[in-house]
Engineer: 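This is the structure I have questions about; it appears just below.
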Amino acid sequence: MIQEGSMIQEGSMATDIAAPVQRTPLVEMRDISIAFGGIKAVDGVTVDLRPGEVVGLLGHNGAGKSTLIKILSGAYRPDSGEIYVNGEKADISMPRDAKKYGIETIYQTLALADNIDAAGNIFLGREVRTPFGTLDDATMEAETRKVMARLNPHFRRFKEPVKALSGGQRQSVAIARAIYFNARVLIMDEPTAALGPAETKQVADLVLQLKKEGIGIFLISHDIHDVFGLADRVSVMKNGKLVGSANVSDVTQDEVLGMIILGKCPPGATPGPGAG
Amino acid sequence: MTAPVAATAPPSTSSGSLLSKLEIDSRMIGMLAALAVIWIGFDVLSGGVFLTPRNLWNLSVQTASVAIMSTGMVLIIVTRNIDLSVGAILGVVGMIIGVVQVQWLPAYLGFESWLTAPIAVLVAITVGGLIGLFQGWLIAYLAIPSFIVTLGGLLVWRGAAWWVTAGQTIAPMDTRFKAFGGGVEGALGATATWIIAALACGAIVVALGLSRRRRVRFGFPVRPGWADAVIAAIACGAVLGAAAVMNAYPMPTGTARAWAEARGIAWPSGGLFIPQGVALPVLIAVVVGLVMTFLATRLRFGRYVFAIGGNPEAAELSGINTRWTLMKVFGLMGVLCGIAACISTARLNAATNAAGTLDELYVIASAVIGGTSLAGGVGTVAGAMLGALVMQSLQSGMVLLGVDTPLQNIVVGAVLVLAVWVDGVYRRRIK
Ligand SMILES: Nc1ncnc2c1ncn2[C@@H]1O[C@H](COP(=O)(O)OP(=O)(O)OP(=O)(O)O)[C@@H](O)[C@H]1O
Ligand SMILES: [Mg+2]
């Protein structure tokens, strides 16, 4: 159960960055819709993600970004639409299913149990156990120290419930939980919202490294510069609908801002149902 | 992902106060201090009657039933739920095992069969567990608030307790079964008590040693060696002290004489000092406490229970089967009610449909006095059991002083509120 590291065999990855477009999508969400009461939070959205690719999901507050990725991570069941993993239809009805497909999520709310320490949170639901079936806290703490050393080298508060941690430290724990287990698809919902510049830089480096390892990443962020620096493509949502998707090389930041604010699809982008 | 930085050698524990060196929960110390104040206070007021082996022995037996149930209530409250039905479950299970051993089993096994007691216990645990699981299912899968389900349960099971025999009391119980109530049948005697105490001391030392070795092997900070030694000494001292107190309480003359006669021992003119030793219900309570602590802290189940209490959404998102976990917690509570029913029924030597009345309040109060947060996510089994001891000490002490029952209730109620206030102040101070 303990995988020390390199979650994906490296090897054929060198070419991915140059030409990610040719491969079968790692994940494809087709025509996804979900409504809460009367509100159509996500309405006919199609997005995809290829190995070693970073796709930025953009949109104003309440556009439906978090809801869309929560469908992918198994937190919500869509009202309609399909999810394909490696070209095959995937049945994701609970968080455990998503994890089986190697889809790991850093939630916007972090989803940490405040009364439990960092190791307890990182291994929550996937505890390491001794041969007697008891919790192997020592091993979990040791692994936690390793993964945290990479994300937040100054972190020392391994024994305290995460309630006692700062916002940035809590975010590091949430990131550690997502990257520790052989993720093939990583969903990052505002992963750097509470981080300082140094830690943000660390997360950016991490994203680039994971990308090199062939992991596909959905990156949700409000900082359009961040997204342009890291993403290969962007998909923009507005009022639950997809405005359009584009390679970052084909559009300018201003054009993407126009997509977010006005829902206007520029010539370099592929328009979606929400383009107006 | 290949970690570029190896796990950095953690610094050894920073210098701090004595308590932080010992890594002892300071709240536990506070509770022990409160208990000491209560005990010494009553001892002074009662003219030295409270802190006698006889009184302490009785106190231990009286605490057992509520203490056992409080260990389950901790887990329930930790998951942000409540169980108001524990006293009523105890009542109905007590009636059922009364009927089983007095009316049903004798028809097949005859009276006083050695099988009667084990079967009665099995029935108690099964029925209690099933009732708990059923309530847990309503709460977890049908999403009915636990307050409502168990409030309904309080009425339903209390009514069912009456229904079993249309209100008739059933007595007496099987002789072997009566051992669960303590008393002469259930006192283990001096030798067994010392053996158990010695085993417990051995276990304490081994457990501390193992946990220390493990931390050293992983290069984690460990507390200084002398601190471990002090902890071991205090814990073993407490165990041996308790054993000594239990053994210092002799059987009353009449029972001792019967005991001697049964064994063909001549009755000397000065009487015989036959130590009672630890009572079976107390031993059961201690074992339940250890098992529940193990469940809560060493197993995945316990981790999930606390995760659900800390953040139900996070628990769900991490793939925990929160509903099944919750249902199990209530099932466990039912099992503990079954065990408590055996103890109360045996102690009373009768099954009455009023058994366990108001126990839900004492059990919840024990858990809360013991530091369980009603907001969920926080609580310890040991704290709840200590809470039960505090409550029972207050009550026994007041009985000893001849305080009227209404005034007893007023004091216990006030102490509950006071304890929660003090705890809240303390929590805010350290956070
Ligand atoms: N559980 C829910 N119940 C009811 N409505 C919901 C729920 N979750 C989301 N919504 C609604 O769905 C819409 C989309 O919300 P969502 O959280 O996906 O937005 P977002 O794009 O992530 O916004 P932000 O940038 O603020 O995080 C909002 O109108 C929100 O009120
Ligand atoms: Mg969001």
Side-chain angles (χ1 to χ4, degrees), chain A residues 3-8 70 73-75 94-99 105 107 109-116 120-121 123-127 129-130 132-135 137-139 141-150 153 156 158-159 161-164 177 179-180 182-183 206 209-210 213 215, chain B residues 1-11 13-14 23 78-80 210-222 294-323 325 373 375-379 427 430-431:
Chain A
Q3 289 100 353
E4 148 83 8
S6 232
M7 328 184 161
I8 288 279
K70 276 187 167 177
S73 69
M94 350 177 217
R96 233 178 309 169
D97 299 338
K99 287 173 202 214
T105 312
Y107 292 97
T109 55
L110 303 185
L112 298 174
D114 277 333
N115 54 338
I116 294 177
N121 269 291
F123 287 91
L124 194 57
R126 292 182 282 202
E127 289 75 11
R129 289 189 291 170
T130 64
F132 310 106
T134 58
L135 294 173
D137 281 326
T139 299
E141 186 179 334
E143 294 298 310
T144 300
R145 284 176 189 269
K146 278 187 211 154
V147 64
M148 288 302 286
R150 181 181 187 201
R156 287 285 176 277
F158 291 98
K159 280 277 161 219
V162 298
K163 183 181 9 188
R177 171 168 63 188
I179 62 167
Y180 180 77
N182 285 14
L206 178 74
Q209 191 189 337
L210 294 173
E213 289 169 13
I215 295 165
Chain B
M1 103 221 167
T2 34
V5 189
T8 42
T13 15
S14 55
E23 286 180 33
V78 162
T79 62
R80 307 185 179 186
L210 282 181
S211 108
R212 185 181 178 82
R213 210 179 62 184
R214 216 171 154 66
R215 291 193 67 79
V216 169
R217 199 167 72 220
F218 278 90
F220 298 161
V222 288
F294 179 77
L295 281 179
T297 60
R298 303 300 327 139
L299 292 190
R300 229 164 34 171
F301 167 73
R303 177 67 47 88
Y304 293 173
V305 165
F306 279 83
I308 290 169
N311 186 345
E313 198 204 351
E316 190 86 48
L317 290 176
S318 50
I320 295 174
N321 191 339
T322 54
R323 291 173 176 192
T325 305
S373 158
V378 178
R427 268 176 220 265
I430 59 162
K431 281 283 120 71

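What you see is a predicted model, and the numbers here were worked out from it, not measured in a lab. In the text below, chain A, chain B and the rest are named by the order of the sequence lines, each starting its count at 1.
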Engineer: Do the non-hydrogen side-chain atoms of R126(A) and S318(B) ever get within less than 4.5 Å of each other?
Structural biologist: no
Engineer: Side chain, backbone, both or neither: which part of D137(A) has an atom under 4.5 Å from a heavy atom of chain B?
Structural biologist: both
Engineer: How long is the gap from OG1 on T139(A) to CZ on R214(B), to the nearest 0.5 Å?
Structural biologist: 5.5 Å
Engineer: Begin with the C-alpha distance, continue with both residues' side-chain angles, and end with the deciding distance and a verdict on side chain to side chain contact (heavy atoms under 4.5 Å, CB included) for E127(A) and Y304(B).
Structural biologist: CA-CA 10 Å; E127(A) 289 75 11; Y304(B) 293 173; 2.9 Å; yes
Engineer: Any side-chain heavy-atom pair from M94(A) and N321(B) closer than 4.5 angstrom?
Structural biologist: no
Engineer: Tell me, for Y107(A) versus chain B, whether the close heavy atoms (under 4.5 Å) come from the side chain, the backbone, both or neither.
Structural biologist: side chain
Engineer: Just checking R213(B): does its CZ atom have more than 12 heavy atoms from other residues, nucleotides or ligands closer to it than 6.0 angstrom?
Structural biologist: no
Engineer: Minimum heavy-atom separation for F220(B) to A138(A), with atom names?
Structural biologist: CZ-O, 3.3 Å
Engineer: Of all heavy-atom pairs between A113(A) and A314(B), which one has the smallest distance, and what is that distance?
Structural biologist: N-CB, 4.1 Å
Engineer: Using non-hydrogen atoms only, which part of F294(B) is less than 4.5 Å away from chain A: side chain, backbone, both, or neither?
Structural biologist: side chain
Engineer: Can you tell me which of N311(B), L317(B), I320(B), T297(B) forms the most heavy-atom pairs within a distance under 4.5 Å of chain A?
Structural biologist: L317(B)
Engineer: F306(B) versus chain A, heavy atoms under 4.5 Å apart: side chain, backbone, both or neither?
Structural biologist: both
Engineer: Would you call L135(A) and L299(B) a side-chain contact if the rule is heavy atoms closer than 4.5 Å?
Structural biologist: no
Engineer: Looking at chain A, which one of R217(B), R303(B), E313(B), R300(B) has the largest number of heavy-atom pairs inside 4.5 Å, strictly under?
Structural biologist: R300(B)
Engineer: Side chain, backbone, both or neither: which part of I116(A) has an atom under 4.5 Å from a heavy atom of chain B?
Structural biologist: side chain
